[in-house]
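A short worksheet on the structure shown next.
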Amino acid sequence: MDRKKLYKGWEEQASRELRDKNLEDHFWETPEGIKVKPLYTEDDLQKISHEIGVPGLPPYTRGPRATMYTNRPWTIRQYAGFSTAEESNKFYKEGLKNGVMGLSVAFDLATHRGYDSDHPRVVADVGNAGVAIDSIEDMNLLFDGIPLDQMSVSMTMNGAVIPVLASFIASGEEQGCPREKLTGTIQNDILKEFMVRNTFIFPPKPSMRIVADIIEYTSKKMPKFNSISISGYHMQEAGANQVQELAYTLADGKEYIKSALERGLNIDEFAPRLSFFWSIGMNFFMEIAKMRAARYMWSKIVKEFKPKNDRSLALRTHCQTSGVSLMEQDAYNNIVRTTIEAMAAVMGGTQSLHTNSFDEALALPTKFSARIARNTQLIISEETGICNVIDPMAGSFYVESLTSSIVEESQKLINEIDEVGGMVKAIEMGIPKMRIEESSAKRQARVDSNEETIVGVNKYKPTEKQEINILSIDNEEVRKRQVSRLQKLKNSRDKKNVESFLEKIKNAASSDGNLLEICIEASKNRCTVGEMTSAMESVFGRHNLSTKTISGVYKNTVKNDGKIDIIDNELSKFVNKKGRRPRMLVVKMGQDGHDRGAKLIATAFSDLGFDVDIGPLFQTPEEAAKQAIENDAHVIGVSTLAAGHKTLVPLLMESLKNNEASYIKVICGGVIPPDDYPFLYDLGVSKVFGPGTNIQEAAIEIINLL
């Protein structure tokens, strides 16, 4: 039959089935602005702009290896780190016994920000959201009994990347593994920290110099080690749509290539050891197409730098299922979400994968939940038959069309970055950060308006309470143990030797010496992570971020289902009674830089009619209380993600009391275990809001509180 007649027949049949509805109404527009048709045909394959090709050859759309999973499945990783090095070591060994093939280390926030555990600014951060590493001694404990010449180790570290990587290399050599045999990846992606995650230490220029130092050193002396993992993960977690995640990550990669070339390196010396890191969310086909588009686009980008080795063009990636898609409400649904996301990562052709545990919207994962997450990958790998075929999605009318659309839309954003002079300039202008925050606000508005369904949160809500066992870390006890070990180290080492190496680090920072090379020797001589960071900070300074928010996006996107009218009415009553609008100070205390929640609340509440101030990142409770008093705030909104609430909120309440400002209400929101709610209420906290809270409903509750 003639194809045109065939498709015309389908349209007529579909129109009859839709009755009075227009077929055009069933076209769907993604958050990225891509129009998706209800039916794709072979005609659509004639319109695609990318090359499909074959696996293992440029442009690598179908995968970086010719045999992909038919020869060897992806590496099953378990991103973990909590409490002390000893506790994390036990967890790693348990995982290795049960199918984990590579270790992914999560460091605590004190380590990320280059502070030793005895620093006064990190009282709530030691061992809470990762493992505390103060020195080579902690690294030795972390990998005790784990053969580093046989095990791939991935480390998510950007801020204190030099002292942490130096301690890892030095620890490996003390274990008997020379640096040239170490395998794994260091994230070393500082540009995205200035956009979203904010776990930076130094200003952009010296930070980029550090990236180049690491690329240079590893390319020459660590041939099996990936010098950088260019990360889109935290962009999507901060609210970026998939096109933004892809475009800004590839633009970051382009900037790192330029930096390495300026150092005098040849493109083929380092490009084959660059890797990427994607977040995988719930838009199943979009994520698969994103990964295929990424490989195609990266091949074209690197080709501009005229490599002679085809492997320089291949994009290899690690993936992690989305943390933002995990919900506190009806939490067992998260197991299904993670499974779907893991399937998308595998169908998209990842080289390694971490699956989140279902309880991570509540607290750190337990052994029970971590086992389910790990087994999810084992089941996909060994029970589904997926590994028997290479890139099964290739040639799909829909997937190939979507891949081309993503390429086209991402290229527009990359062109915009190029036009302003590259990613460093764009970050300084705030372009990516603001775009991502706009996307985040729009998505929240769609969820609050029930335009985007989250099962168990804004639809099909559970009627019974679920009992879930969660992991709780005694932060105070962990900090005491770390400080004790740190003191023991300082008392036993050669102080003059330490001072000599710290001086060498300062001299290298002031000149063009390779900082990683010097810090490896400093680590062997028992200089701490905090001391090495401070030595560099004395030359580079410590970076501070301005706190800007967007306006109008949430209110212009959210549907008025009557709640906004209620808010307007209640605000009018408040103004008539108090003579001004309610004023809220939104704060992030401690060293957690994830500010999506804080920015979202500040933006949305401002749009809804509140006067909103937002505190600078990394505040102490005393600084937050002082700002609230000076700004004459009615309420402080504490945004918390990294389990520091049981330490920081009591200190905030105490500081308000000491300043005779207990009249200022305190509310908390974020990842807070439900079992901790009574503790916070007993302190005097007025309200606690968990993940998935409807912002308009929260605004009504807060006005009533005031």
Side-chain angles (χ1 to χ4, degrees), residues 1-55 59 61-63 68 241-243 246 280-297 336-337 339-349 380 384-386 388-412 442-443 446-447 449-455 458-460 557 559:
M1 184 184 283
D2 182 277
R3 279 190 300 178
K4 286 186 178 177
K5 278 187 179 178
L6 184 67
Y7 302 148
K8 183 68 177 171
W10 172 81
E11 285 181 6
E12 290 171 357
Q13 181 64 26
S15 296
R16 279 195 295 272
E17 289 176 13
L18 293 170
R19 295 183 183 169
D20 299 328
K21 292 180 183 175
N22 192 323
L23 191 59
E24 289 287 325
D25 294 339
H26 284 257
F27 280 55
W28 173 59
E29 186 170 297
T30 74
E32 296 80 9
I34 294 170
K35 285 207 168 173
V36 176
K37 302 188 294 183
L39 178 71
Y40 286 81
T41 69
E42 59 258 56
D43 286 349
D44 291 292
L45 283 184
Q46 311 308 313
K47 303 171 189 172
I48 63 172
S49 56
H50 68 281
E51 298 166 48
I52 299 175
V54 294
T61 308
R62 299 192 63 188
M68 291 300 286
N241 61 47
Q242 278 89 337
V243 164
L246 175 56
I280 304 296
M282 284 297 290
N283 192 337
F284 186 76
F285 291 104
M286 181 68 79
E287 293 293 4
I288 294 168
K290 176 189 79 181
M291 293 173 71
R292 303 176 85 252
R295 289 191 290 269
Y296 171 78
M297 293 182 74
V336 182
R337 293 186 178 106
T339 303
I340 290 166
E341 291 165 353
M343 289 282 286
V346 171
M347 297 294 243
I380 293 171
T384 62
I386 281 175
N388 298 334
V389 178
I390 303 163
D391 189 23
M393 288 293 186
S396 157
F397 306 148
Y398 175 39
V399 170
E400 297 296 2
S401 296
L402 195 53
T403 300
S404 269
S405 295
I406 292 171
V407 168
E408 289 160 13
E409 293 303 313
S410 298
Q411 192 59 55
K412 290 176 187 175
K442 285 178 180 177
R443 199 240 170 181
R446 290 194 303 272
V447 172
S449 301
N450 291 338
E451 289 181 83
E452 190 171 317
T453 297
I454 302 178
V455 173
N458 62 359
K459 200 173 181 182
Y460 314 114
T557 307
K559 283 189 175 178

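For clarity, every value in this text was computed on a predicted model and none was experimentally measured.
Rounding to the nearest 0.5 Å gives a distance of 9.0 Å between CD of Glu452 and CG of Asn283. In this structure, CD on Gln411 lies 4.5 Å from CE on Met297, to the nearest 0.5 angstrom. The line from NZ of Lys47 to CG of Leu45 is 10.5 Å long, rounded to the nearest 0.5 Å. How far CD1 of Ile52 is from CG of Asp391: 9.0 Å, rounded to the nearest 0.5 Å. For the atom pair Ile34 CD1 and Met286 CE, the distance stands at 4.5 Å (nearest 0.5 Å). Here the OG1-CE distance, from Thr403 to Met291, works out to 11.5 Å after rounding to the nearest 0.5 Å.
Of the possible donor and acceptor atoms, one in the side chain of Thr30 sits under 3.5 Å from a partner among the backbone N and O of Glu32. Under a 3.5 Å cut-off, the side chain of Glu287 and the backbone N or O of Gly348 do not form any donor-acceptor pair. Judged purely by atom type and a 3.5 angstrom limit, Ser404 has no side-chain atom pairing as donor or acceptor with the backbone of Ile48.
With sequence neighbours excluded, the residues that form a side chain to side chain donor-acceptor pair (under 3.5 Å) with Lys37 are Asp44. Residues forming a ring-ring contact (aromatic ring centres under 6.0 Å, His included) with Tyr398 (at least two apart in sequence, or on another chain): Tyr40, Phe285. Not a single side chain to side chain donor-acceptor pair (under 3.5 Å) links Glu11 to another residue, sequence neighbours left out.
Residues Arg292 and Glu400 meet the side-chain proximity criterion, which asks for heavy atoms closer than 4.5 Å.
Shown here for Pro31 and Asn241, the closest heavy-atom pair between the two residues is O-ND2, 3.9 Å. When every heavy atom of Ile380 is checked against every heavy atom of Thr339, the shortest pair comes out as CD1-O, 4.2 Å. The two residues Ile288 and Ala344 have their closest heavy-atom pair at CG1-O, 3.5 Å. Here the shortest heavy-atom pairing between Ser49 and Glu408 reads OG-OE2, 3.2 Å. The minimum heavy-atom distance linking Leu246 with Lys290 is given by the pair CD2-O, 4.1 Å. Across Glu341 and Ile280, no two heavy atoms sit closer than the pair O-CG2, 3.1 Å.
Each of Asn388, Thr384, Val389 was checked for a side chain to side chain contact (heavy atoms under 4.5 Å, CB included) with Ile386, and the lone residue meeting it is Thr384.
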*Are Ile454 and Arg337 close enough, and set up right, to give a side-chain contact (heavy atoms from CB on, under 4.5 Å), and what steps lead you there?*
CA-CA 10 Å; Ile454 302 178; Arg337 293 186 178 106; 3.5 Å; yes

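Other residues, nucleotides and ligands contribute at most 12 non-hydrogen atoms within 6.0 Å of the OH atom of Tyr460.
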